[in-house]
Each structure stands twice: as structure tokens, then as C-alpha cells.
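All values reported here derive from a predicted model rather than from experimental measurement. Counting starts at 1 for both ligands and their atoms, following the listed order. Only heavy atoms go into these numbers, but all of them, side chains included; no hydrogens, no water, no symmetry mates.
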Amino acid sequence: MTNGVQKVAILGAGMIGEVHRRAAVLAGAQVAGVLASSPERSREVASRWGVEHAYADIDEVIGSDVDAVHICTPNSYHVPYAIAALEAGKHVLCEKPLGVSLDDAKKAAAVAERTGLVNTIPFAYRFHPIARELQARVRSEEFGAPNLIHGSYLQDWMLDPNASGWRVDPEAGGPSRAFGDIGSHWCDLAEWVTGERIVELVADTSIAIPQRPSGTAASFSAAAGEGPLVDVVTEDSALILFKTDKGTSGSAVISQLAAGRKNRLWLEVDGAAHSAVFDQEHAEELWIGGDAESITVVRDPNNGSAEQRRLSQLPAGHAQGYAQCFENYVADSYAAIAAHNGSGEAPQGLPTFADGLRAAEICDAMLRSTKSRAWETV
Ligand code: SOE
């Protein structure tokens with residue numbers, strides 16, 4: 001029994017399912033099986049992964065003896081699968097977003113609360129060690145209270161008019177595409193780092209490519225969607241202005257059509273004495289601005305905050321990246337399961353379904369503001 005988890009099932013075998021699988025194996029779990037998009041795909045992936053079970057459906061998964069399930073499917077399956085697993089006594093690691101509507105997220109969070117099982121969501125960028133250093137610095141006395149929180153999350157994998165996938169279909173992906181998919185990461189990190197909560201916002205969204213081929217091409221895939229052209233009804237880009245519960249102003253630009261931006265989450269917090277910038281595409285460094293001098297803090301297991309050191313697996317200069325964020329997230333989720341079973345403490349900074357619900361509340365306010373053209377309360 002490693003970290004409280006012996007056997008897990010992976011639901012979904014796309015890019016992120018593969019990332020979860022590797023992280024689960026590294027955290028010491030046995031991946032008992034996989035449920036992919038069809039029985040034959042499940043068999044093909046099970047053979048490639050060398051796992052015993054190619055599950056036929058969710059009922060086979062929840063009837064099995066796995067301790068936990070990793071939900072890495074298209075968004076519309078997240079909540080039905082999470083609820084089925086929790087009701088069957090399985091701990092759940094569920095990809096964001098927590099469903100395709102605010103009601104979905106409320107239902108899932110309520111079942112998680114009632115069952116008391118471990119329920120986590122990979123707002124994975126919290127698990128860059130430098131993000132932990134960022135939080136420690138921003139929360140420190142010498143940083144000074146934030147007077148501005150701003151930034152962007154820009155990608156370009158939807159720039160090609162032929163790029164498509166299940167996210168383009170609001171039934172499968174939900175009513176918000178760019179903001180629901182990556183704006184949720186930005187807002188989660190901004191709130192988690194500062195401890196402040198977005199309480200009202202005004203939003204504007206845009207669709208630059210009005211039609212795309214329908215189809216199931218994976219995210220970041222160079223393959224074009226293979227189906228007929230469909231009208232696009234979910235946003236390519238979203239901009240928000242917001243106020244927090246401490247009265248701090250902020251803004252974020254979210255887009256998946258920013259040529260040359262591959263996965264560039266940029267968060268700047270400007271405080272009374274210092275500023276700080278986290279750039280996910282350069283996640284080994286943290287810029288700390290000052291009026292007399294500015295410095296660059298380098299990730300290093302020998303320096304910095306306890307949490308930065310705890311999540312630093314490699315020496316300074318040996319870059320940790322996206323995959324290590326998931327290794328840290330899965331290991332911490334399993335440690336929370338061990339604590340649930342009475343061994344050890346649950347780690348700090350672990351995003352749960354409550355954070356998934358939070359993201360759904362902010363996304364709902366964004367959608368309401370896009371319609372009302374007015375400031376909306378979160
Ligand atoms: C696609 O936009 C995606 O894979 C998101 O779904 C992830 O949450 C993000 O971390 C990277 O980009």
C-alpha cells in the first residue's frame with residue numbers, strides 16, 4: 001500500500017489520461033485498468049499500457065476493487081463518473097472543469113462533501129514549486145498588500161480553423177470553451193496565491209473562427225477535425241475585469257488563438273512594496289520587482305519556502321515542468337487518501353471539488369456578464 005492507494009483506474013486515454021497514468025505509477029499505485037472512448041480503444045490502450053483491465057463501462061469500474069479513479073474524459077462525463085465513483089466508495093481525482101454547468105459542479109461538490117472521500121481537481125500549476133514560492137512571497141509582510149492582480153493565459157492550438165475537438169461542442173465541453181478550459185486555471189492560481197476572492201466581474205468574449213469541422217481531434221493535435229463544418233458557439237477568447245473581496249482590481253486575457261503562445265499562463269501581483277511575476281512557460285524562475293532593484297528567484301530544493309522545497313524533486317538548473325506538476329498533484333492526492341485512512345497528514349495546497357465549484361461559479365458569472373454586458377456578482 002503506497003500512500004494509501006494500491007489500485008487505481010484511469011478513465012480517459014487522451015493526452016491528459018497518459019499524464020495521469022505516469023504520475024500514478026510514479027506515486028506507487030498499480031493502474032488496474034483503463035476505460036477509453038470505446039471497448040476496442042480500451043483494449044488497445046490496456047495492451048499498450050500493460051494493464052489488466054479494459055473496462056467496458058463505468059459500472060465495471062465502480063464494481064472493481066480500485067481505491068481511486070482518475071477521470072480524464074471529455075468534460076460532460078466528469079460529474080456523472082465522479083458521482084458514480086464517490087457513491088461506490090472510490091476516491092476521485094477529476095480533471096477540470098467540474099462538469100459542464102454550475103449545477104453539475106454543485107451536485108458533484110455536494111456528493112463529495114457527503115461521502116467525505118478524497119476528491120481533488122488538478123489545478124496543476126499550483127504544483128510548480130515556484131508557484132509555492134510565489135504564494136509565500138505574496139503572503140509575506142514585506143511584499144505589501146496587493147493593489148493589482150493581472151495577467152493572461154494564452155495558447156495557440158485553436159488558431160488553425162481546422163482545429164476542432166469535443167471542446168467545440170457545447171454538449172461535450174460546456175457553454176464556455178477558452179475561459180472554462182484555461183481561464184479557470186488562471187483564476188484559481190490568482191485566488192490561491194493572493195488569498196483574495198473575485199467577487200464581481202465584467203466580461204467580453206469573442207469568436208474569431210465562426211465555423212469549425214466537428215470531430216474528436218485531441219487538444220494540441222495537428223489533426224484536423226474530420227466531421228462536417230459546424231457553427232461555433234463557444235468563445236475563442238475571453239477578457240475579464242474584476243474586483244476582489246479586498247477591493248483589489250484585476251484583469252485577465254484568456255485566448256487559445258494567440259500565435260506563438262503555447263501554454264503561457266502569466267500572473268502578476270503588484271503589491272505595496274514589491275511585484276511578482278509567474279510565467280508558466282518559464283516556471284523555474286520567479287521575478288520579484290522592487291523600485292530600487294528587481295531580482296529573479298530560481299527554483300532550488302535548498303532555498304526558499306518550505307513548500308517550494310517540498311515540491312522540488314530535482315536540483316536547481318535541472319528543470320521541472322508540467323509532468324512534475326502532475327507527479328506532485330497525484331502524490332499529494334494519494335497522501336490525502338493515506339491521511340483519510342489514518343496515516344499521515346493531508347498536504348497543503350491540494351485543490352478539491354470545492355475549488356472546482358469555485359471555478360464554475362466564476363465561469364457562470366463570466367457567461368452572465370457576456371449576456372448582460374454588465375458587472376456580475378460571483
Ligand atoms: C488545453 O487547453 C489544455 O490541455 C487544458 O485542458 C489544460 O487544463 C491546461 O493545463 C493545458 O491546456
Step-by-step salt bridge (charged side-chain N to carboxylate O under 4.0 Å, His left out) determination, R177 to E235: CA-CA 6 Å; R177 178 159 34 94; E235 80 282 358; over 6 Å; no

Y322 side chain reached by Q324 side chain, heavy atoms, under 4.5 Å: no

Would you mind running through ligand 1 and noting each atom that sits below 4.0 Å from a heavy atom of [X]?
{"X": "I182", "answer": "2 (O)"}
{"X": "Y125", "answer": "9 (C), 10 (O), 11 (C)"}
{"X": "Q256", "answer": "2 (O)"}
{"X": "Y322", "answer": "10 (O)"}
{"X": "K96", "answer": "5 (C), 6 (O), 7 (C), 8 (O)"}

Between [X] and ligand 1, which residue portion shows a heavy-atom distance shorter than 4.0 Å: side chain, backbone, both, or neither?
{"X": "Y153", "value": "side chain"}
{"X": "I16", "value": "neither"}
{"X": "R167", "value": "side chain"}

Given D156, D181, D236, the one that forms side chain to side chain donor-acceptor pair (under 3.5 Å) with Q256: D181

Donor on one side chain, acceptor on other, E196 and T248, under 3.5 Å: yes

Contact with ligand 1 for F123, non-hydrogen, under 4.0 angstrom: no

Side-chain (D57) to main-chain (E60) donor-acceptor, under 3.5 angstrom: yes

E95, any N or O under 3.5 Å of ligand 1 N or O: no

N or O contact, H185 vs ligand 1, cut-off under 3.5 Å: yes

Identified side-chain contact (heavy atoms from CB on, under 4.5 Å) partner of H91 from the options V66, L86, V118: V118

Shortest heavy-atom approach to atom 5 (C) of ligand 1 - which of D181, N263, N75: D181

Ion pair D204/R373, N-O distance below 4.0 Å: yes

R132 NZ/CZ over F127 ring centroid, <6.0 Å and within 45° of normal: yes

